[in-house]
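Inspection log for the structure reproduced underneath, given as structure tokens.
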Amino acid sequence: MSDNIASRADGAAASGTVLVLNSGSSSLKYQLVHPDTGNVVVSGIVERIGETDVPDHRAALRLVFDEFAAAGIDLTGLVAVGHRVVHGGRSFHSPTVIDDAVLAEIRRLSSLAPLHNPANVEGIEVARELLPGVKQVAVFDTGFFYDLPAAAATYAIDAEVAEKYALRRYGFHGTSHQYVSRKVAEFLGRPIADVNQIVLHLGNGASASAVRGGRAVDTSMGLTPLEGLVMGTRSGDIDPGLVLHLNRAIGLGVDEIDDLLNRRSGLKGLCGENDFRAVRGMIEAGDEAAQLAYDVYVHRLRRYIGAYMVELGRLDAITFTAGVGENDRGIRADALAGMERYGIVVDPELNTGRAVVPTRISPADAEVAVLVVPTNEELAIARAAAAV
Ligand code: AMP
């Protein structure tokens, strides 16, 4: 076994499963999952593609198939391959069966997501080649936000320029926001059409959304996944004038600015660590930079919560999800502190550590349900791929 691959096989039958692939620039995450039950047969990640004995995504997927064979997993009976595709632009709003034309369009959209779509295209090409005859489905990270109201999707820039270059707010993490918002309605035992909610996806990347009746009405990420909340290594919102200033007055080139804002900002830029557990540890040890990083993170988060409360008018639920949201009780308490007058209360007795199933952390009689709901993008992609 190559040391590039880390996998975990739970040994159930592969028949009836969907293979979910998430291709990054130097990694390939995979999961073989039963769309109905959510049972995971095997999952794992191939890392450092291109740097080591795994030269490209083709070799990576071959490695995965070798692992399957070694574990006695036979892919006969595979229902579909579900590909996570980051940018669907204005071309795709729902899961789409991939043919040559669809693949060409995903490739064309690479100009909007230069770091992500090319890797997604590569993953699709290899999977089509190695699994001919199996339905290949693209599930778009932007899909859930396709219908954002124009007022939320439009940048106030020259309309002709925006139209010509497709410059608008697209939103990302849509599969997670959609999955979690549906789980919330299920948990509350109410039709999704009746639920007004805010979903806070706080992972290494972070985004917030406002969802009215199952439809996204606003979200914090924009043209790219850089806008919005403070993230592990991304700045989130900044004055766009800062970019001009970095270039004109400081002389940084576009690639240096890209690196600064995408990889050397956020928590990492402010305190040197992007892993939230490490930041928490530093705060507990009295580190001032970590405290400031946390304060900026919380400040931005509260600003979005406030905006979305006003946009939604009536609010039924606020939900935390993803690595930080599911695990860090402190962020949940601090994000919602002092909002009692709006019916938002976090009960410290209920707001304990990690949540592995949907959990309510607000008192039963509080006006707004505050929830922690584990996200599961792989399962959502598998279900979408099986259903289309
Ligand atoms: P994700 O992108 O959803 O995988 O989330 C990754 C983020 O979740 C990283 O910043 C981790 O530090 C954070 N995370 C994972 N486990 C914990 C934990 N137990 N407490 C706090 N943060 C955590």
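Counting convention: from 1, in listed order, for ligands and their atoms alike.
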- Query: Do His87 and Phe140 make the cut of ring centroids closer than 6.0 angstrom?
  - Reply: no
Worksheet item: So, are Arg48 and Asp53 salt-bridged, with charged N and O less than 4.0 Å apart?
Response: no
Closest to atom 12 (O) of ligand 1 among protein heavy atoms sits Asp275 OD1, 2.5 Å
Checklist entry - Does Arg90 use its side chain to pair, donor to acceptor, with the backbone of Ala166 at less than 3.5 Å? => result no
Pair Asp218 + Arg169, salt bridge at N-O below 4.0 Å: yes
Margin query: Regarding ligand 1, does Phe276 bring an N or O atom to under 3.5 Å of one of the ligand's N or O atoms?
Written below: yes
Measure the distances from the heavy atoms of Asn274 to every atom of ligand 1 and state whether one is below 4.0 angstrom. yes
_Geometric N/O contact His201 with ligand 1, under 3.5 angstrom_ = no
For Asn204 and ligand 1, does the shortest N/O to N/O distance drop below 3.5 Å?
-> yes
Nearest non-hydrogen protein atom to atom 18 (C) of ligand 1, with distance, is Asn327 CB, 3.2 Å
* Asked: Is any N or O atom of Leu202, backbone or side chain, closer than 3.5 Å to an N or O atom of ligand 1?
  -> no
Checklist entry - How about Tyr297 and Phe276: are their ring centroids closer than 6.0 Å? => result yes
Main-chain N/O of His173 paired to Ser176 side chain as donor or acceptor, under 3.5 Å:
no
* **Note: Arg263-Asp258 ion pair, threshold 4.0 Å (strictly below)** => yes
Yes or no, since that's all I need: does a protein heavy atom fall within a distance strictly under 4.0 Å of atom 14 (N) of ligand 1? yes
Ala322 heavy atoms within 4.0 Å reach ligand 1 at atoms 3 (O)
Review point. Thinking salt bridges, do Asp194 and Arg190 make one under a 4.0 Å N-O criterion?
Key: no
Atom 21 (C) of ligand 1: closest protein heavy atom, distance to 0.1 Å, is Arg277 CG, 3.6 Å
In this structure, atom 3 (O) of ligand 1 is nearest to the protein heavy atom Gly323 N, 2.9 Å
